[in-house]
Amino acid sequence: MATAMELGLAGRRALVTGAGKGIGRSTVQALHAAGAQVVAVSRTQADLDSLVRECPGVEPVCVDLGDWEATEQALGSVGPVDLLVNNAAVALLQPFLEVTKEAIDTSFDVNLRAVIQVSQIVARGLIARGAPGAIVNVSSQASQRALTNHSVYCMPSLLTGSTKGAMNMLTKVMALELGPHKIRVNTVNPTVVMTPMGQANWSDPQKAKTMLDRIPLGRFAEVENVVDTILFLLSDRSSMTTGSTVPVDGGFLAT
């Protein structure tokens with residue numbers, strides 16, 4: 001990972017959603033190590049408590065981003081934010097013929113609507129201050145490939161792919177409209193990531209082989225592979241990059 005001096009993140013204030021576990025938690029830890037002031041957003045207080053113990057100075061915000069009013073109340077007065085990572089998401093695994101209204105509502109509320117709401121809050125603050133900023137939306141390779149459900153939990157669901165596909169286009173529109181305000185917006189699209197959940201779901205070699213056979217590099221992503229890309233897109237090292245979809249997939253989308 002590049003140093004704080006190389007990335008220029010020290011002293012900047014970042015907000016990370018879905019900060020309690022996995023990619024979000026590791027992103028908070030990396031930003032904290034790089035000298036950034038971090039606001040960590042999660043719906044699970046216990047995860048935030050342990051994160052603050054690990055990273056003293058991190059500002060915890062406990063809220064369910066699927067609740068518009070609660071999110072507005074929790075983040076409306078969060079203060080100046082320079083960098084935003086929209087990582088919070090739900091993955092409700094249902095084949096097409098079994099998709100329920102409840103699953104649709106929950107998926108779009110958290111995976112898409114919350115991205116719009118939180119980004120609006122941050123972008124309005126940046127514009128009011130006349131400050132440049134960077135937003136990174138965490139998407140998925142499932143947004144660009146149709147993947148049949150081999151089993152209930154095996155592959156990304158229809159709803160995950162749909163919401164993340166919508167996020168990709170939302171990112172481009174955000175980049176177009178926010179670019180004149182010097183706010184960059186990009187998307188990171190990882191393959192299976194070896195978070196604890198990823199390890200649990202893909203530990204069966206036979207199951208993993210179906211996906212690994214489609215990845216030219218022959219392995220799944222480690223959390224730091226995704227976090228490094230997020231930090232690069234947040235930093236001024238990527239100052240000419242906006243509206244981009246950056247795969248972290250070992251070449252999956254090239255096949």
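Of the possible donor and acceptor atoms, none in the side chain of Ser235 sits under 3.5 Å from a partner among the backbone N and O of Gly8. Judged purely by atom type and a 3.5 angstrom limit, Thr100 uses its side chain to pair as donor or acceptor with the backbone of Ala103. Without hydrogens or angle criteria, Thr229 side chain to Asn225 main chain gives a donor-acceptor distance under 3.5 Å. The closest donor-acceptor contact from the side chain of Asp249 to the backbone of Thr191 lies at 3.5 Å or more, if one exists at all. Under a 3.5 Å cut-off, the side chain of Thr187 and the backbone N or O of Ser139 do not form any donor-acceptor pair. No donor-acceptor distance shorter than 3.5 angstrom exists from the side chain of Asp105 to the backbone of Glu102, with no hydrogens or angles considered. In terms of modelled atom types and a separation under 3.5 Å, the side chain of Thr44 and the main chain of Ala46 share no donor-acceptor contact. Of the possible polar contacts, one joining the Ser50 side chain to the Asp47 backbone as a donor-acceptor pair under 3.5 Å is found. Put simply, the side chain of Thr17 gets close to the backbone of Asn87: a donor and an acceptor are under 3.5 Å apart.
In this structure, Phe232 has no ring-ring contact (aromatic ring centres under 6.0 Å, His included) partners at least two apart in sequence or on a different chain. Shown here are the side-chain contact (heavy atoms from CB on, under 4.5 Å) partners of Lys182, two or more places apart in sequence or in another chain: Pro132. Take Asp204 and apply the side-chain contact (heavy atoms from CB on, under 4.5 Å) test, not counting sequence neighbours, and it matches Gln206, Lys207. When the side-chain contact (heavy atoms from CB on, under 4.5 Å) test is applied to Ser239, no partner is found at least two apart in sequence or on another chain. Taking the side-chain contact (heavy atoms from CB on, under 4.5 Å) definition, one finds that Ile121 meets it with Glu72, Leu75, Gln117, sequence neighbours left out. A search for salt bridge (charged side-chain N to carboxylate O under 4.0 Å, His left out) contacts involving Asp236 returns Arg12, not counting sequence neighbours. With sequence neighbours left out, the salt bridge (charged side-chain N to carboxylate O under 4.0 Å, His left out) criterion links Asp49 to no other residue. Scored by the side chain to side chain donor-acceptor pair (under 3.5 Å) test, Asn137 finds Asn86, Thr171 as partners (sequence neighbours excluded).
Identified under the salt bridge (Lys or Arg N to Asp or Glu O under 4.0 Å) test for residues 113-136, with sequence neighbours left out: Asp82-Arg129, Asp109-Arg113. The list of side chain to side chain donor-acceptor pair (under 3.5 Å) pairs with a residue in residues 53-64, not counting sequence neighbours, reads Arg13-Glu59, Arg25-Glu54, Gln29-Glu54. Residue pairs meeting the ring pair (Phe, Tyr, Trp, His ring centres under 6.0 Å) criterion with at least one partner in residues 177-201, sequence neighbours excluded, do not occur; the list is empty. Within the structure, ring pair (Phe, Tyr, Trp, His ring centres under 6.0 Å) contacts touching residues 49-89 (residues at least two apart or in different chains) do not occur.
Residue Ser119 holds its OG atom at 7.0 Å from CG of Leu170, rounded to the nearest 0.5 Å. The CZ atom of Arg43 sits 11.5 Å away from atom OG1 of Thr71, with the distance rounded to the nearest 0.5 Å. How far CD1 of Ile230 is from CD of Glu224: 12.0 Å, rounded to the nearest 0.5 Å. Residue Arg237 holds its CZ atom at 14.0 Å from CG of Leu233, rounded to the nearest 0.5 Å.
The heavy-atom pair separating Val248 from Ala221 by the smallest distance is O-CB, 4.2 Å. Annotation for Asp67 and Glu69: closest pair OD1-N, 3.2 Å, computed over non-hydrogen atoms. Nearest heavy-atom pair, Thr242 versus Ile183, reported as atom, atom and distance to 0.1 Å: OG1-O, 4.4 Å. Looking at every heavy atom in both residues, Met167 comes nearest to Val138 through SD-O, 3.5 Å. Counting all heavy atoms, side chain and backbone alike, Val28 lies closest to Ala40 at CG2-CB, 4.2 Å. The two residues Lys172 and Gly243 have their closest heavy-atom pair at NZ-O, 3.3 Å.
Summarising the local packing, CD of Gln45 is surrounded by more than 12 heavy atoms from other residues, nucleotides or ligands at distances under 6.0 Å.
Note on Leu176: it does not cluster hydrophobically with Val136, by side-chain heavy-atom contacts below 4.5 Å among ILVMFWY residues. Leu48 and Leu31 are not part of a single hydrophobic cluster, where members link through side-chain heavy atoms under 4.5 Å apart. The cluster map of Ile, Leu, Val, Met, Phe, Trp and Tyr, joined by side-chain heavy atoms under 4.5 Å apart, puts Val173 and Leu178 in different clusters. Note on Val52 and Val16: separate hydrophobic clusters, where clusters join Ile, Leu, Val, Met, Phe, Trp and Tyr whose side-chain heavy atoms are under 4.5 Å apart, directly or indirectly. Clustering ILVMFWY residues whenever any of their side-chain heavy atoms sit less than 4.5 angstrom apart, transitively, puts Val85 in the very cluster that holds Leu7.
Val192 places none of its side-chain heavy atoms less than 4.5 Å from the side chain of Ile215. In this structure, the side chains of Val193 and Phe220 stay at 4.5 Å or more apart for every pair of heavy atoms. Between Ile135 and Met174 there is a side-chain heavy-atom pair separated by less than 4.5 Å.
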Under the side-chain hydrogen bond (donor to acceptor under 3.5 Å, both in side chains) rule, what do Arg184 and Thr241 come out as? Steps first, then yes or no, please. CA-CA 7 Å; Arg184 298 183 298 105; Thr241 303; 5.6 Å; no

Please assess Leu83 against Leu15 for the test side-chain contact (heavy atoms from CB on, under 4.5 Å), listing each intermediate value before the final yes or no. CA-CA 6 Å; Leu83 312 169; Leu15 189 152; over 6 Å; no

